[in-house]
Amino acid sequence: ARAIQPGEVVRVDVTCMCGRTAPRASAFDRDIPLALSPDGTRWQGLIGIDLDVAPGVYPLVVSAPHLQPAPARETPLRVQPKQFQTRTLRVAPEYVDPPAPVVDRILREAAQLNGIYKTNTARIWNRPFALPLMTQPSANFGSRSVFNGQPRSPHAGIDFGSPTGTVVTAPASGTVVVADDLYFTGNTVVLDHGGGLFSIFAHFSALTVEEGERVDVGAA
């Protein structure tokens with residue numbers, strides 16, 4: 001990992017005499033999908049440390065229950081504190097509290113996304129991810145906004161400044177699992193890269209891909 005802090009990603013490498021059956025890994029009370037590395041010498045997985053994880057020591061548990069006796073190993077993840085920017089804004093109330101008629105839509109879309117993020121398909125990327133735009137991203141990941149005195153969820157992405165109509169490319173090979181107009185994020189695309197890894201793109205002026213479509217790195 002670059003750092004063991006909220007908002008960071010930890011890569012797990014597991015070597016074992018497991019054959020073609022993946023070992024199991026868990027951390028932060030959730031399973032961590034593991035897949036064979038491109039060279040087939042080890043199992044790999046990614047652990048995202050949520051922005052709201054408190055500093056402390058958390059166990060990473062790896063086991064191979066299909067072997068007898070079943071080996072297991074526990075490794076401590078020592079999460080260090082990290083401070084994120086907070087901004088305070090006053091905006092019109094309709095931009096803070098959605099009107100009642102759209103609440104059902106918001107809940108339905110949230111359930112759809114949560115269901116997608118729980119799936120674990122086969123890993124289909126084998127190269128480092130590329131930027132979707134050749135512009136400098138803003139450093140606002142993890143920042144929290146306080147609208148009209150009400151703290152809101154932290155910003156879980158990064159912003160790229162670009163004019164309307166700019167072509168955005170896939171950062172890695174993946175399958176389009178969402179290509180739709182969502183309430184909070186407008187025209188949105190979600191790519192499933194496999195192994196429990198997704199990338200999300202929001203606020204498009206237009207959509208040029210369809211759900212179920214396979215795209216390669218660099219594809220528009």
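Reckoned from all heavy atoms, side chains included, excluding hydrogens, waters and symmetry mates.
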Distance from Phe204 atom CZ to Thr164 atom OG1, nearest 0.5 Å? 12.5 Å
Indicate whether any N or O donor in one side chain lies under 3.5 Å from an N or O acceptor in the other, for Thr185 and His203. no
Using a 4.5 Å cut-off on heavy atoms from C-beta on, say whether the side chain of Arg214 contacts that of Ile124. yes
Expected output: side-chain Asp50 to main-chain Asp52 donor-acceptor under 3.5 Å: no
Using the six-membered ring of Trp125, assess whether NZ or CZ of Arg123 lies under 6.0 Å from its centre and within 45 degrees of the ring axis. yes
Output for pair (Arg11 CZ, Leu46 CG), nearest 0.5 Å, gives 8.5 Å
Any donor and acceptor pair, going by atom type alone, linking the side chain of Glu213 with main-chain N or O of Glu210 inside 3.5 Å? yes
Strictly distance-based, threshold 3.5 Å: is any side-chain N or O of Glu109 a donor or acceptor partner for the main-chain N or O of Leu182? no
Value rounded to 0.5 Å, distance of CG in Leu51 from CD in Glu8: 10.0 Å
I'd like to know if the side chain of Arg87 pairs up with that of Gln85 as donor and acceptor (distance under 3.5 Å, no hydrogens or angles considered). no
For the OG1 atom of Thr169 and the CE atom of Met134, what is their distance to the nearest 0.5 Å? 8.5 Å
Can you tell me how far apart OG (Ser26) and CG (Asp31) are? Round to the nearest 0.5 Å. 6.0 Å
Flag side-chain contact, heavy atom, 4.5 Å: Thr188 against Ile200: yes
Do the two ring centres, one from Phe129 and one from His193, sit under 6.0 Å apart? yes
Side chains of Thr175 and Asp192 only: does a donor on one sit below 3.5 Å from an acceptor on the other? no
Taking only residues two or more places apart in sequence or in another chain, which ones pass side chain to side chain contact (heavy atoms under 4.5 Å, CB included) with Val102? Pro98, Pro99, Ile106, Tyr183
Any Gln44 side-chain heavy atom under 4.5 Å of Pro38 side chain: yes
Identify the heavy atoms of Ala172 and Leu191 that sit nearest to each other, and give their distance. O-CD1, 4.5 Å
Should the pair Phe141 and Phe84 be assigned to parallel (<30°), tilted (30 to 60°) or perpendicular (>60°) ring geometry? perpendicular
Asp97 vs Arg152, test: salt bridge (charged side-chain N to carboxylate O under 4.0 Å, His left out). Steps then yes/no. CA-CA 11 Å; Asp97 298 310; Arg152 297 293 169 166; 3.3 Å; yes
Does some side-chain heavy atom of Lys82 sit less than 4.5 Å from a side-chain heavy atom of Val79? no
For the CG atom of Asn126 and the OG atom of Ser37, what is their distance to the nearest 0.5 Å? 11.0 Å
